[in-house]
Amino acid sequence: MANEEDDPVVQEIDVYLAKSLAEKLYLFQYPVRPASMPYDDIPHLSAKIKPKQQKVELEMAIDTLNPNYCRSKGEQIALNVDGACADETSTYSSKLMDKQTFCSSQTTSNTSRYAAALYRQGELHLTPLHGILQLRPSFSYLDKADAKHREREAANEAGDSSQDEAEEDVKQITVRFSRPESEQARQRRVQSYEFLQKKHAEEPWVHLHYYGLRDSRSEHERQYLLCQGSGGAENTELVKSPSEYLMMLMPPSQEEEKDKPVAPSNVLSMAQLRTLPLADQIKILMKNVKVMPFANLMSLLGPSVDSVAVLRGIQKVAMLVQGNWVVKSDILYPKDSSSPHSGVPAEVLCRGRDFVMWKFTQSRWVVRKEVAAVTKLCTEDVKDFLEHMAVVRINKGWEFILPYDGEFIKKHPDVVQRQHMLWTGIQAKLEKVYNLVKEAMPKKPDGQSGPVGLVSGDQRVQVAKRQAQQNHALLERELQRRKERLQASAVLPGVRIKEEPVSEEGEDEEEREAEDEEPVDTSPGGGLHSGLANGLPAARAAGGDSFNGHPPSGSAGSPVARELRAFVQATFQKQFVLTLSELKRLFNLHLASLPPGHMLFSGISDRMLQDTVLAAGCKQILVPFPPQTAASPDEQKVFALWESGDISDQHRQVLLEIFSKNYRVRRNMIQARLTQECGEDLSKQEVDKVLKDCCVSYGGMWYLKGTVQS
């Protein structure tokens with residue numbers, strides 16, 4: 001009640017519904033028109049409409065006497081369109097572009113909620129709109145000019161040819177008889193873009209007469225915008241209850257109900273899904289999810305569904321891969337369909353996707369390039385296959401999206417055996433189609449305890465142990481040699497050099513590939529290499545011997561090294577102090593901005609990145625972190641640009657030496673040390689600049705950037 005008192009009703013207006021022009025009233029919008037010319041002054045030369053398409057074309061005169069009109073350009077356009085000779089078919093009879101055509105386009109397909117309102121004598125009269133059309137300039141005269149130009153060129157070529165030939169050359173004519181059109185082919189033809197365009201073009205134009213705003217006919221028609229009987233039967237529709245009136249204002253969309261599919265497509269309604277037969281439920285779920293464990297499928301279908309019936313139904317629409325169910329290819333690519341990317345028929349797509357599924361029965365990892373090389377399909381199609389059932393791992397390949405379901409394998413050995421027989425048949429078909437060599441195809445080792453077509457974890461461990469034993473002696477010698485070199489070398493003050501072995505310089509290039517089918521790092525020096533380096537196993541990271549950040553000879557001049565060094569120099573020119581963690585984050589952002597196939601995607605290890613930083617004139621600052629610090633090892637590695645070439649280099653070097661002995665420092669101590677070392681009283685602005693370049697303030701203390709632990 002308080003709100004109603006604060007907002008009193010000022011005036012009540014009667015609303016009337018006028019229906020005389022309800023099926024005839026269109027709203028024309030003129031986005032482009034002369035700014036100084038009102039709508040009623042625009043001279044309309046002609047108008048025509050296609051009622052079924054609600055398409056309108058208007059011809060409007062151009063003011064050729066306007067000072068902004070370029071007469072020479074208008075004459076040139078008329079000459080290009082009509083040529084030198086003007087006749088009754090000419091577009092511009094005055095040999096001057098003196099008119100322009102506007103063509104309409106629909107702004108919305110549903111105009112049932114739009115109306116034209118006319119307010120007169122305290123009454124509001126509403127007339128529903130039948131259509132809303134936007135008029136935009138049409139440049140069809142340019143097409144006519146191009147056609148004239150081609151005709152002139154063809155005439156010139158014909159004139160240059162010889163004219164004394166007695167008769168034309170005999171030409172061979174091929175006669176073809178059209179086959180009877182099937183119902184499916186007819187439906188595709190009717191739904192094609194060319195057929196619809198041809199059908200629209202066949203609709204005849206209906207010519208209209210344009211009446212100006214002040215014309216007597218316009219005045220007469222405008223009266224129909226008013227309700228003819230204010231108290232008559234025409235307004236009975238507005239004498240409704242509040243709920244009925246609200247339903248009239250916001251009616252339910254009939255188009256949405258009409259177009260609503262019988263079976264869910266993208267978004268599944270579980271209530272509607274469970275009204276369908278069990279076979280259809282399984283097919284719809286698998287078609288949408290594509291990969292699903294059997295336990296998840298049972299939970300979606302409900303507790304009352306028989307698992308035996310579900311097992312029977314799932315085998316009709318899906319295949320078993322690593323204990324999980326993957327929808328069959330012919331469900332996703334039905335007959336007579338084709339690829340939206342390359343136009344390849346469904347049969348070829350199904351064969352290629354079956355190859356990907358079969359590869360995942362052999363290993364958890366698949367390399368996209370290998371699939372593309374075997375199937376000869378485009379990258380987009382292969383990527384679609386992999387995205388259905390796998391996730392990409394940087395520098396490794398595509399890993400199957402779900403973990404191996406050993407529980408289902410043990411519980412249903414009969415289903416597993418049946419699926420194994422099906423995969424054996426598919427494998428034989430793939431060998432024949434793709435000319436695969438049987439010796440090169442993965443074989444199931446004797447005594448394998450894992451599922452059919454999978455390599456067990458124990459066997460991977462055994463392979464890793466054998467490789468570790470072969471390379472252990474080499475890595476030990478390399479590590480000892482590096483330790484001896486580091487001990488014999490003079491280390492710069494304030495610089496800490498990490499001791500870590502490097503991989504054998506002569507390892508095969510094949511091991512340096514960005515995508516490797518073996519996802520497990522079997523390097524025997526895994527502990528010494530601290531796991532992964534920028535997403536690559538450290539044993540595969542590029543690099544060789546280096547000391548204090550200077551790369552080995554022969555690698556510093558490589559294109560990858562030059563690109564990496566340019567990135568490091570540009571980064572440290574902007575930020576003088578960076579932790580290794582922050583530097584790696586910036587480097588990953590830099591990689592994301594590069595185009596695919598860039599040389600830096602070849603794999604940059606942490607070791608190579610640190611060596612490049614030190615070689616670019618930076619130093620590693622030995623910051624004494626407190627024992628209870630939560631900083632990671634990468635966050636404890638702090639690098640700073642030692643010399644940038646400006647007048648603040650000496651001040652920054654003094655500041656960095658302070659932080660090589662102190663984790664955090666007060667400002668007065670920093671200023672006193674700078675005054676002592678530089679031998680002059682520094683201004684507040686100079687001290688602020690040095691602190692801003694290298695430090696951050698927290699709790700009244702100053703820390704090097706990236707080292708503060710909140």
In the structure I gave you, are the side-chain heavy atoms of [X] and [Y] within less than 4.5 Å of one another anywhere?
X      : Y      : result
Lys705 : Phe576 : no
Val577 : Leu656 : yes
Lys689 : Arg652 : yes
Asp384 : His341 : yes
Phe625 : Glu635 : no
Val690 : Val654 : no
Phe659 : Cys695 : yes
Val327 : Met389 : no

State the [atom1]-[atom2] distance between [X] and [Y], to the nearest 0.5 angstrom.
X      : Y      : atom1 : atom2 : result
Leu386 : Asp381 : CG    : CG    : 11.0 Å
Met286 : Met319 : CE    : CE    : 11.5 Å
Arg664 : Met669 : CZ    : CE    : 13.0 Å
Leu691 : Leu704 : CG    : CG    : 10.5 Å
Asp606 : Asp611 : CG    : CG    : 11.0 Å
Lys376 : Tyr434 : NZ    : OH    : 9.0 Å

Any ion pair linking [Y] and [X] (charged N to carboxylate O, less than 4.0 Å)?
X      : Y      : answer
Arg585 : Glu582 : yes
Lys692 : Asp688 : no
Asp354 : Arg351 : no

Any idea which heavy atoms bring [X] and [Y] closest together, and the distance?
X      : Y      : value
Arg673 : Ile658 : CG-CD1, 3.4 Å
Met608 : Ser605 : N-OG, 3.1 Å
Ala390 : Phe360 : CB-CZ, 3.5 Å
Lys359 : Val366 : CB-CG2, 3.6 Å
Leu377 : Gly352 : CD1-CA, 4.1 Å
Ile604 : Leu564 : CG2-CD2, 3.8 Å

Cation over ring face, Arg353 and Tyr333, 6.0 Å, 45°: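 Not flagged: Arg353 not positioned over aromatic ring of Tyr333.
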
side-chain contact (heavy atoms from CB on, under 4.5 Å) evaluation trace for Val289 with Asn296: CA-CA 11 Å; Val289 182; Asn296 289 14; over 6 Å; no

Hey, is [atom1] on [X] packed in by over 12 heavy atoms from elsewhere, all under 6.0 Å?
X      : atom1 : result
Glu347 : CD    : no
Lys290 : NZ    : yes
Glu407 : CD    : no
Lys287 : NZ    : no

Just by modelled atom types, is the [Y] backbone N or O under 3.5 Å from a matching donor or acceptor in the [X] side chain?
X      : Y      : result
Gln322 : Ser363 : yes
Tyr404 : Arg364 : no
Thr629 : Pro626 : no
Ser558 : Ala561 : yes
Gln419 : Leu320 : yes
Ser342 : Ser339 : no
Lys383 : Cys378 : no

Working for side-chain contact (heavy atoms from CB on, under 4.5 Å), residues Asn324 and Ile401: CA-CA 10 Å; Asn324 302 281; Ile401 194 170; over 6 Å; no

Phe408 and Phe294 aromatic ring geometry - parallel, tilted or perpendicular at 30°/60° bounds: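 Tilted, since the angle between the ring planes falls between 30° and 60°.
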
Derivation and outcome, side-chain contact (heavy atoms from CB on, under 4.5 Å), residues Leu297 and Trp325: CA-CA 9 Å; Leu297 179 62; Trp325 291 98; 5.8 Å; no

Kindly list each side-chain donor-acceptor pair under 3.5 angstrom involving residues 566-575, sequence neighbours excluded, with atom names and distances?
residue, atom, partner, partner atom, Å
Thr571, OG1, Phe567, O, 2.7

Asp634-Thr579 side chain donor-acceptor pair, cut-off 3.5 Å: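 No, because no side-chain N or O of Asp634 sits under 3.5 Å from a partner of the opposite role on Thr579.
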
Exercise: do Gln427 and Glu431 side chains pair donor with acceptor under 3.5 Å: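 Yes, Glu431 and Gln427 have a side-chain donor paired with an acceptor closer than 3.5 Å.
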
Audit row: Leu641, Asp649, side-chain contact (heavy atoms from CB on, under 4.5 Å) steps and yes/no: CA-CA 9 Å; Leu641 182 62; Asp649 281 346; over 6 Å; no

